[in-house]
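A quick write-up on the structure given underneath.
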Amino acid sequence: WDDYRDAFGERSVDFFRWQEKTADLLWRFALRMPAWPTKSTRDLGSVLRSLDGRIIAASPRLGIDVFGTVSTRLRNLPENLRMFVDGQLLISAQTTSEYANALYSASALDLPRRGVVHLEKGIGTLADILVKAIKSNGGRVIFRQEVTRITQNNQSNFVIETRKNERFEADVVIANLTPWNLAELMQDNLPKSLKNLPAFPEKNWGAFILYLGIDSAIFLKDFPLHHQVIQSLPLGEGNSVFISISPEWDTTRAPEGQRALTISTHTKLGDWWDLFESDKLKYQEKKELMTEKVLESVEKVLPGVRNAVRLLLPGTPITFKRYTGRVHGWVGGFPQTSLFETFHPKISDNLWLVGDSIFPGQSTAAVALGGIRVAKEILRNFH
């Protein structure tokens with residue numbers, strides 16, 4: 001609280017009190033796994049059962065934020081507070097306070113209080129743990145099999161075809177994909193919920209990322225592992241940069257005497273694809289200019305960083321498309337502007353979507369909550 005007062009003034013305290021109290025109630029609600037967004041009376045029943053006395057007592061206050069944006073909570077507060085909030089919301093909610101739903105944002109802004117977790121060997125460790133869990137429970141994990149088509153013959157009979165000309169039958173399909181990727185796989189079997197997708201996710205973000213290998217000598221003792229640098233408006237395109245540094249204790253992430261840095265900024269998808277498809281030289285020039293702009297941001301917290309770089313790998317939306325297969329290189333999920341316009345995980349009978357496209361969106365915690373909700377609903381259908 002003293003840090004908040006020092007940075008943003010006494011009047012900012014009311015904003016953070018609202019954020020913390022609201023976030024506590026939302027976590028209380030979310031961990032009961034309500035079926036939100038709703039699609040049936042059974043979903044609605046799940047939501048109502050997830051309410052308790054504390055949440056109901058606070059409902060008049062929470063109701064204001066159900067349809068409101070965070071900007072209403074920032075009215076007449078210091079500009080540097082709004083910039084701080086906007087920078088965090090762009091990462092966690094894929095939009096800024098002017099558009100971000102207030103209720104969702106209260107929990108999205110909880111990161112400083114909840115803290116950041118680091119896994120030895122990096123985020124890939126989560127995938128390893130999931131694979132082990134599936135196998136230990138009698139499941140099978142098949143690698144290097146790119147799915148090329150999903151056909152739904154009837155409500156409980158799917159055929160999955162792969163690039164290696166193999167076919168797998170399934171009674172339930174869970175796609176950890178974007179809606180656009182799933183639509184491509186369904187082809188002429190396109191479910192109704194995927195028919196109205198725009199041809200290009202123009203309003204959604206991509207990422208420009210630098211992956212760096214750095215000499216450890218540049219870091220001071222106990223140097224913070226996360227930084228956000230905001231240089232100017234509008235945010236994104238190198239004006240807002242998030243920096244993550246591998247912990248000193250994790251010797252698996254880099255050679256001895258070095259550390260790994262991941263530096264990201266939001267970027268518009270269309271600009272990159274237009275250049276890539278029409279002028280490869282200008283695309284390369286844009287990539288080099290963005291690299292320099294992002295490194296300038298890193299210099300704010302790590303002066304002389306260029307001299308310490310031993311590895312530099314830039315990534316654009318085209319890079320994300322190539323290595324992850326996500327259509328157009330879209331990352332981060334939909335902007336969380338409304339609680340009532342979120343993508344429902346049930347695409348059709350026995351066909352489900354998980355990942356950052358469904359509510360509650362991106363981040364390990366959000367994707368896990370969305371996945372657990374889908375698992376519960378599928379299991380319930382089999383009982």
Side-chain angles (χ1 to χ4, degrees), residues 19-20 22-34 36-37 70 84-97 99-119 121-130 174-179 201 204-209 224-228 235-236 240-247 262-267 315 320 324 326 329-339 341-345 353-375:
Q19 181 271 314
E20 289 198 5
T22 306
D24 285 342
L25 289 171
L26 289 173
W27 283 113
R28 188 181 180 90
F29 178 64
L31 292 174
R32 290 186 168 91
M33 303 299 162
W36 187 270
V70 188
F84 174 74
V85 169
D86 280 351
Q88 289 189 78
L89 286 177
L90 191 61
I91 294 171
S92 57
Q94 302 302 312
T95 189
T96 54
S97 59
Y99 309 103
N101 174 262
L103 207 59
Y104 181 95
S105 298
S107 56
L109 291 168
D110 224 25
L111 181 62
R113 192 161 61 119
R114 298 286 169 178
V116 179
V117 175
H118 288 270
L119 297 164
K121 299 181 182 179
I123 198 69
T125 297
L126 283 180
D128 293 337
I129 292 170
L130 286 170
I174 307 168
N176 188 359
L177 300 168
T178 73
N204 302 319
W205 289 104
F208 179 84
I209 292 192
L225 298 180
H226 299 278
H227 301 261
Q228 188 165 8
L235 297 184
S240 174
V241 172
F242 191 68
I243 304 166
S244 294
I245 306 165
S246 66
T262 306
I263 307 145
S264 62
T265 186
H266 285 66
T267 192
F320 274 94
T324 70
R326 292 172 68 106
W330 173 48
V331 296
F334 293 100
Q336 298 293 333
T337 55
S338 170
L339 295 178
E341 295 176 6
T342 58
F343 212 88
H344 198 280
L353 201 66
V354 294
D356 60 6
S357 300
I358 67 166
F359 188 83
Q362 70 97 36
S363 83
T364 304
V367 168
L369 284 171
I372 292 169
R373 180 257 172 104
V374 168

Is any side-chain heavy atom of [X] closer than 4.5 Å to a side-chain heavy atom of [Y]?
X      : Y      : value
Val241 : His227 : no
Pro335 : Asn204 : yes
Glu341 : Asn101 : no

Which heavy atom in [X] sits nearest to a heavy atom in [Y], and how many Å separate them?
X      : Y      : answer
Pro179 : Trp330 : CD-CZ3, 3.9 Å
Asn176 : Gly355 : OD1-CA, 3.6 Å
Thr265 : Ser240 : OG1-O, 2.9 Å
Tyr104 : Ser92  : OH-O, 3.8 Å
Ser246 : Leu225 : O-CD2, 4.1 Å
Pro37  : Phe359 : CD-CB, 3.8 Å

Original post:
Distance-only, no hydrogens or angles: does the Trp36 side chain make a donor-acceptor pair with backbone N or O of Leu339 under 3.5 Å?
Top reply: yes
**OP:** Kindly say whether Gly87 contributes a backbone atom to a donor-acceptor pair with the side chain of Gln228 at under 3.5 angstrom?
**Re:** yes
Within this structure, what is the [atom1]-[atom2] distance for the pair [X] and [Y], rounded to the nearest 0.5 Å?
X      : Y      : atom1 : atom2 : result
Ser107 : Leu25  : OG    : CG    : 11.0 Å
Leu109 : Arg114 : CG    : CZ    : 12.5 Å
Leu103 : Ser338 : CG    : OG    : 11.0 Å

If you look only at distance, which donor and acceptor atoms sit under 3.5 Å apart when one is on a side chain in residues 362-371 and the other is two or more places apart or in another chain?
residue, atom, partner, partner atom, Å
Gln362, NE2, Ile91, O, 2.6
Ser363, OG, Ala366, N, 3.1

Subject >> ring pair (Phe, Tyr, Trp, His ring centres under 6.0 Å) partners of Phe343, counting only residues at least two apart >> reply: Phe334
Subject >> ring pair (Phe, Tyr, Trp, His ring centres under 6.0 Å) involving His226 - partner list, sequence neighbours excluded >> reply: His118, Phe242
**OP:** Scan for salt bridge (charged side-chain N to carboxylate O under 4.0 Å, His left out) pairs involving residues 353-367, sequence neighbours excluded, and state none if there are none.
**Re:** Arg326-Asp356
Original post:
Can you name the one residue among Thr96, Leu235, Val70, Thr95 that meets side chain to side chain contact (heavy atoms under 4.5 Å, CB included) with Leu89?
Top reply: Val70
Original post:
Residues two or more places apart in sequence or in another chain: which of them pass side chain to side chain donor-acceptor pair (under 3.5 Å) with Gln19?
Top reply: Asp110
Original post:
Within a radius of less than 6.0 Å around OH of Tyr99, do more than 12 heavy atoms belonging to other residues, nucleotides or ligands occur?
Top reply: no
**OP:** Decide yes or no on side-chain contact (heavy atoms from CB on, under 4.5 Å) for Gln336 and Thr342, but give the supporting numbers first.
**Re:** CA-CA 8 Å; Gln336 298 293 333; Thr342 58; 4.0 Å; yes
For a quick test of your reading: what N or O donor-acceptor pairs under 3.5 Å do the side chains of residues 121-129 make, sequence neighbours left out?
residue, atom, partner, partner atom, Å
Thr125, OG1, Glu120, O, 2.4
Thr125, OG1, Gly122, O, 3.1

